[in-house]
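Written out below as structure tokens is the structure these notes cover.
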Amino acid sequence: MKILYFAWIRERVGKAEEELSLPATVQTVGDLVQWLKGHGEEYAYAFDNPKVVRAAIDRVHVKPEAKLAGAREIALFPPMTGG
Amino acid sequence: MKILYFAWIRERVGKAEEELSLPATVQTVGDLVQWLKGHGEEYAYAFDNPKVVRAAIDRVHVKPEAKLAGAREIALFPPMTGG
Amino acid sequence: MSVRITDRAFDPAAEAAALSHGRTDIGAVVAFSGICRDSEDGEKIASLTLEHYPGMAEAEIERHVQEAEQRWPLLGVRVVHRVGRIEPGETIVFVACASKHRRAAFEAAEFLMDYLKTHAPFWKKVEAAGQTSWVDAKEKDDEAAARWVRDPKRDAAE
Amino acid sequence: MSVRITDRAFDPAAEAAALSHGRTDIGAVVAFSGICRDSEDGEKIASLTLEHYPGMAEAEIERHVQEAEQRWPLLGVRVVHRVGRIEPGETIVFVACASKHRRAAFEAAEFLMDYLKTHAPFWKKVEAAGQTSWVDAKEKDDEAAARWVRDPKRDAAE
């Protein structure tokens, strides 16, 4: 699965994107964030507060309950501050 | 008293401004409009419907009840359509 | 504040640029342009002619700009209003408000436009199908202006 | 509709002019410019750097422009958003909406700005006093965007 990171989540993880093989137990965006949190020190730092993490599946905003099945690209990022 | 007319009130009266000596009974803007209405055929036409006549005394919007005493310049015009 | 009444065509883009040029304290500019359309209710418009009350028109706009400056934290206001003959595609009125944040700039610009429409002494005559006629005041413009009234007693005279 | 993301400085006045140039059906244009200020909460700002999610940023803006076009009778919409390094005085975002009448143009422009702030995938980093830090999302921006929600079920996923 292709995972993208943006802004300070990207900086904390230390990379802009990566390919990850997710275990079958990771079914939703919320599951993914929890799983990444236990993936190493930099991930623990990046996903310290899952409540502020926003997500998009295939470039469409989704809630933590959203299923990952069929996704090509998952993006995780902090609240947006454009405009 | 200097009286100014604008837009279709000016066109109906047939002049943009005039000096008029008002009788003592004409105390308010409403009195003035009623008095002008009886001032001749063109005035009767211009002030046919006093409800749509707007007024300014010395370049400040006023209501029909406004007193004329002390005024230098009275303007009568239809509802504004600028902008 | 800059308030200008002119009988010449003007460039709203240049007016907007002038408002924030060289400034680094402004975070938001809202610029409104009111443009002469070529038709109204399906009827072709050849031109508009705007009449105004010289002296009062400027004073009335300035008074409303001052009220906007009291109600919102503005960093600049620019108003230009055409008079005389105006052809389709030309700008009739331009209002721009600058502020630190966007909400104040949006609200002040809309407030000024609503008040200009109903309180500034301008009158439009339209030339269509070879005939000229005065434009009727719109009730919805009065309603739009009424949204901004804060003190019914103070505004009762307007 | 024209939506553009660029890493170069651009001229908002020219963008506004392009929207109504040669058109005689447009009666109202509302143009918003969001400009990089030189200070925030009393602290001097040296620059902003904007990061975005390429592909999704354009798609998200276009989706909101389409929603605006469904909600208001618009005759043209133009959005430009900067990315990369931006200095004080430069325009970060430009939104212009054209319509026959002013109310639609004002509302659509404010709607688009409120949604851009909270839904378009852009992130601001600020360089001030020699340090860089990511800008926190503002609760009042969420509240501003929430004003426009019509169908809570449809918008629940956003």
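Not measured: the values here are computed from a predicted model. A note on names: the letters A, B, ... follow the listed sequences, proteins ahead of strands, and every chain is numbered from 1.
Between A:H61 and D:H119, the ring-plane angle classifies as perpendicular under the 30° and 60° cut-offs.
For chain D, the option among A:A56, A:A66, A:G83 with the highest count of heavy-atom pairs below 4.5 Å is A:G83.
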- [ ] List the steps and the verdict of side chain to side chain contact (heavy atoms under 4.5 Å, CB included) for A:M80 and D:F122.
- [x] CA-CA 6 Å; A:M80 290 145 283; D:F122 293 88; 5.9 Å; no

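Atom CZ of D:F10 has more than 12 neighbouring heavy atoms from other residues, nucleotides or ligands inside a 6.0 Å radius. Within 6.0 Å of CZ in D:R8 there are 12 or fewer heavy atoms belonging to other residues, nucleotides or ligands. By the neighbour-count criterion of 12 heavy atoms within 6.0 Å, atom NE2 of D:H21 is sparsely surrounded, having that number or fewer from other residues, nucleotides or ligands.
When side chains are defined from C-beta on, A:P78 counts as touching D:W123, because their heavy atoms get closer than 4.5 Å.
With a 4.5 angstrom heavy-atom cutoff, D:A59 does not touch chain A via any of its atoms. Neither the backbone nor the side chain of D:D114 comes within contact range of chain A, judged by heavy atoms closer than 4.5 Å.
No donor-acceptor pair closer than 3.5 Å links the side chain of A:T81 to the backbone N or O of D:A137.
Within the structure, side chain to side chain donor-acceptor pair (under 3.5 Å) contacts touching residues 8-26 of chain A (residues at least two apart or in different chains) are A:Y5-A:E18, A:R10-D:E51, A:E11-D:K125, A:E11-D:W134, A:K15-A:E18, A:E18-A:Y43.
Taken from CZ in A:F6 to CE in D:M56, the straight-line distance is 9.0 Å, to the nearest 0.5 Å.
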